[in-house]
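All remarks here apply to the structure that follows.
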Amino acid sequence: MAKKLISSVRGMNDILPEQTPVWRYFETVIRQVLDSYGYQEIRLPMLEATDLFNRSIGEVTDIVEKEMFSFTDRNGDNLTLRPEATAGCVRAGIQHGLFYNQIQRLWYIGQMFRHERPQQGRYRQFHQIGAEIYGIEGPDIDAEIILMTARFWRQLGLDNLELQINSLGSTEARVKYTQQLVDYFSAYHDQLDDDSQRRLRTNPLRILDSKNPQMLPLIKTAPQLLDCLDTESQEHFAKLRELLDQTGIKYRVNPCLVRGLDYYNRTVFEWVTEYLGAQGTVCAGGRYDSLVEQIGGKATPAIGFAMGIERLVLLLLQSDLPMPNNAPDAYFILVGNEQVTKQGMYLAESLRDALPNLRLVMNCGEGSFKSQFKRADKSGAKLALILAEDELANQKITLKYLREKRPQVILAQSELINYLKNLD
RNA sequence: GUGAGCGUAGCUCAGUUUGGUAGAGUCCCGGAUUGUGAUUCCGGUAGUCGUGGGUUCGAGUCCCAUCGUUCACCCCA
């Protein structure tokens with residue numbers, strides 16, 4: 001009898017036709033901006049050797065410890081569905097020699113996988129668009145990608161995002177600072193909440209990010225990362241700020257801004273919104289100057305960012321911005337004998353030959369005039385093309401405007417292409 | 001991984017207090033209108049009430065378990 005229904009895997013969502021127009025719109029806008037900055041697309045596998053992530057993201061991060069979809073394949077190889085794309089991008093660059101005395105501006109799009117408990121804006125399969133730039137040491141490229149992300153939001157019409165920036169300093173300075181922080185918080189160990197006590201062992205910088213208001217006083221008087229920066233990082237950060245100031249872009253220096261992944265150094269930044277509940281970070285990135293070498297390549301400065309498409313689509317849907325739809329331009333109504341269907345198909349194909357951008361839906365599956373008109377209306381088409389036995393006999397076609405008050409038009413079939421060509 | 005809320009028609013939900021034949025709107029189909037949608041009116045299709053146990057003469061309703069889902073913690077894009 002009825003079989004048990006198989007549903008999608010927890011946290012892995014179908015994106016239904018109702019939503020895909022917004023996704024396509026979003027992706028189109030982002031691609032245009034990336035193109036305008038001369039970035040090149042790279043397409044990367046979703047599956048990588050597990051070791052790649054162990055070596056790059058950081059052994060003690062939550063992602064590696066408990067959020068990866070890992071398995072052993074038939075050969076006994078340990079593989080992982082990528083939780084992020086930076087590691088794979090670095091791997092690909094090394095493997096194909098892309099970093100050899102070259103500057104690369106790359107971008108990618110695709111799904112990522114993390115085994116987290118799903119909630120608003122957080123899913124086990126989610127989509128990111130990101131960019132990775134290799135071979136540029138100076139703060140000019142830091143400014144470029146921040147300005148480019150700002151342009152994304154302008155092009156999309158989103159104006160409710162806040163830019164936060166910070167510098168983590170050199171890897172050495174960061175290690176030194178982390179030790180200072182551990183010393184400081186250890187002195188107040190009993191006042192720390194359970195989460196922060198755990199972070200003290202796993203990721204001390206994260207304590208600064210705590211949402212628990214009771215932690216605030218302790219965090220306020222903690223040593224500041226920006227005070228512990230090495231001289232070069234201080235200069236780098238100062239120059240970045242000058243570049244940003246000059247372009248008039250608004251930002252907030254957030255000394256508590258850290259990254260979840262271990263490989264970051266110097267510049268880090270985040271675009272944040274208050275409108276998505278707990279998952280307010282919509283785009284984030286930073287420098288990772290030591291990662292290429294760490295994975296086995298020649299030392300190469302690098303910076304990148306990633307944005308969560310689900311979160312940005314949610315923001316777009318929440319906004320008052322007009323969203324595109326994929327409504328056809330015309331719906332072809334066919335009523336009558338087989339000759340009508342044959343002539344209708346022929347006409348439709350010749351329309352598509354002459355007008356490749358015309359979006360024309362044929363009525364298939366027959367139906368009465370009434371039901372075909374209902375389908376035409378529901379499709380959102382501006383225009384109904386009507387071919388029935390009368391029109392067939394006289395080599396005519398009837399046009400009816402479905403969205404505006406205009407009289408019906410009866411044309412010779414031979415005039416149809418020209419008539420439609422001159423529509424808006 | 002922890003906590004709380006919610007699972008009743010394709011969709012949005014009422015019904016649970018006080019156990020007694022399964023409801024509404026919407027969608028879809030048909031008709032009023034035999035060549036015209038969107039509005040209006042009439043009719044129709046549609047549910048093992050998440051699943052499995054238990055209590056009871058009788059469970060959508062009470063009890064237990066389990067699964068799913070949403071939000072928050074955590075984590076992060």
Side-chain angles (χ1 to χ4, degrees), chain A residues 1-2 4-11 13 16 18 57 60-68 83-86 109-130 149 161 193-196 198-199 202-203 206 209-212 257-261 269-273 276-286 304-315 331 333-336 340 363 367-392 398-405 408 410:
Chain A
M1 282 297 291
K4 200 175 171 188
L5 284 178
I6 296 176
S7 55
S8 61
V9 175
R10 183 162 159 82
N13 299 322
L16 299 176
E18 192 186 19
I57 296 174
V60 292
T61 57
D62 274 24
I63 293 179
V64 166
E65 275 191 333
K66 46 196 180 196
E67 293 178 359
M68 295 206 302
E84 55 104 43
T86 301
I109 178 170
Q111 41 271 86
M112 310 295 156
F113 302 85
R114 292 182 198 173
H115 196 280
E116 300 183 275
R117 187 91 160 243
Q119 69 184 71
Q120 185 177 201
R122 188 174 83 181
Y123 311 101
R124 291 187 175 179
Q125 176 183 253
F126 61 101
H127 297 75
Q128 289 187 336
I129 294 180
T149 52
L161 296 172
D193 59 16
D194 291 350
D195 283 327
S196 296
R198 181 177 47 76
R199 291 184 186 116
T202 57
N203 193 349
R206 273 274 159 207
D209 234 2
S210 179
K211 279 181 195 165
N212 185 349
L257 182 67
V258 297
R259 308 271 64 235
L261 283 52
F269 68 96
E270 263 185 37
W271 288 94
V272 179
T273 176
L276 290 181
Q279 311 297 327
T281 301
V282 128
C283 172
F305 66 87
M307 63 184 113
I309 304 185
E310 279 83 355
R311 292 180 187 181
L312 283 157
V313 165
L314 273 173
L315 266 188
Y331 189 99
I333 289 173
L334 300 163
V335 184
V340 171
N363 185 81
S368 64
F369 261 95
K370 188 187 179 70
S371 62
Q372 292 197 38
F373 263 100
K374 279 191 169 185
R375 288 178 205 159
D377 182 52
K378 211 185 154 196
S379 78
K382 289 191 279 285
L383 204 59
L385 309 183
I386 304 153
L387 184 72
E389 290 177 0
D390 281 4
E391 285 87 353
L392 185 73
T398 303
L399 277 67
K400 172 167 178 157
Y401 292 89
L402 296 171
R403 311 289 147 199
E404 49 191 319
K405 277 210 151 69
Q408 257 177 222
I410 299 175

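In what follows, chains are A, B, ... by sequence order, proteins preceding strands, each numbered from 1. Since we're looking at a predicted model, the values are computed, not measured.
- Residues Arg117(A) and Ser210(A) both approach RNA chain B. Their nearest nucleotides, taken by heavy-atom distance, put Arg117(A) toward the 5′ side.
- When heavy atoms are screened at a 4.0 angstrom cut-off, Lys374(A) is found touching the sugar-phosphate backbone but no base atom.
- Within 4.0 Å of Ile386(A), counting heavy atoms only, lies at least one base atom of the nucleic acid.
- Using a 4.0 Å heavy-atom distance criterion, Arg198(A) is classed as a sugar-phosphate-only contact.
- Between the CD atom of Glu404(A) and the P atom of U36(B) there is a distance of 21 Å, rounded to whole Å.
- Figure legend. C62(B) is base-paired to G54(B); pairs are counted as Watson-Crick or G-U wobble with both atom distances under 3.5 Å.
- Put simply, the side chain of Arg10(A) and the base of U69(B) share no donor and acceptor less than 3.5 Å apart.
- Closest to the side chain of Arg206(A), from the set G30(B), C76(B), A77(B), is C76(B).
- For C28(B), one of the phosphate oxygens OP1 or OP2 lies less than 4.0 angstrom from a side-chain nitrogen or oxygen of Lys378(A).
- U36(B) atom P lies 17 Å from atom CG of Leu334(A), rounded to whole Å.
- Gly130(A) comes within 4.0 angstrom of no nucleic acid atom, judged by non-hydrogen atoms across all strands.
- To the nearest whole angstrom, the two P atoms, one in C64(B) and one in C75(B), are 33 Å apart.
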Atom pairs, N/O to N/O, protein against nucleotides 43-45 of chain B, distance under 3.5 Å?
none

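- Looking at heavy-atom distances under 4.0 Å, Gln408(A) makes contact with a base.
- Comparing atom distances between the Arg199(A) side chain and each of G35(B), C75(B), A77(B) picks out C75(B) as nearest.
- Within the nucleic acid shown, Glu270(A) has no heavy atom closer than 4.0 Å to any nucleic acid atom.
- Here Gln120(A) lies in heavy-atom contact (under 4.0 Å) with sugar-phosphate atoms only.
- Under the 3.5 Å distance criterion, with hydrogens and angles disregarded, a donor-acceptor pair is assigned to the side chains of Glu270(A) and Thr281(A).
- Of all nucleotides listed (G37(B), G30(B), A77(B)), G37(B) comes nearest to the side chain of Asp377(A).
- Regarding contacts with the backbone of U70(B), every side-chain N or O of Gln119(A) stays at 4.0 angstrom or more from both OP1 and OP2.
- With a cut-off of 3.5 Å on both Watson-Crick or G-U wobble distances, the partner of U2(B) is given as A72(B).
- Using a 4.0 Å heavy-atom criterion, one finds that Ala376(A) contacts no nucleic acid atom at all.
- At whole-Å resolution of the value, CD in Gln111(A) and P in A77(B) are 17 Å apart.
- On a pure distance criterion of 3.5 Å, no polar donor-acceptor pair joins the side chain of Glu116(A) and the base of G1(B).
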Before you tell me yes or no, could you show the steps for Arg403(A) and Asp377(A) under salt bridge (Lys or Arg N to Asp or Glu O under 4.0 Å), namely the whole-Å CA-CA distance, both residues' side-chain angles and the distance that decides it to 0.1 Å? CA-CA 9 Å; Arg403(A) 311 289 147 199; Asp377(A) 182 52; 3.3 Å; yes
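- Pair assignment for C49(B): none, as no Watson-Crick or G-U wobble contacts are both less than 3.5 Å.
- A sub-4.0 Å separation between OP1 or OP2 of C71(B) and a side-chain N or O of Arg122(A) is absent.
- Across all strands shown, the partner of G43(B) is C29(B), judged by Watson-Crick or G-U wobble contacts whose two distances both fall under 3.5 Å.
- Spacing between A65(B) and A4(B) at atom P, rounded to whole Å, works out to 13 Å.
- Distance, Arg375(A) CZ to U36(B) P: 16 Å, rounded to whole Å.
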Pairs under 3.5 Å (N/O, protein and nucleotides 39-42 of chain B):
none

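- For the atom pair CZ of Phe373(A) and CG of Leu402(A), the computed distance is 6.5 Å after rounding to the nearest 0.5 Å.
- When rounded to the nearest whole Å, the span between CD of Gln279(A) and P of C71(B) equals 10 Å.
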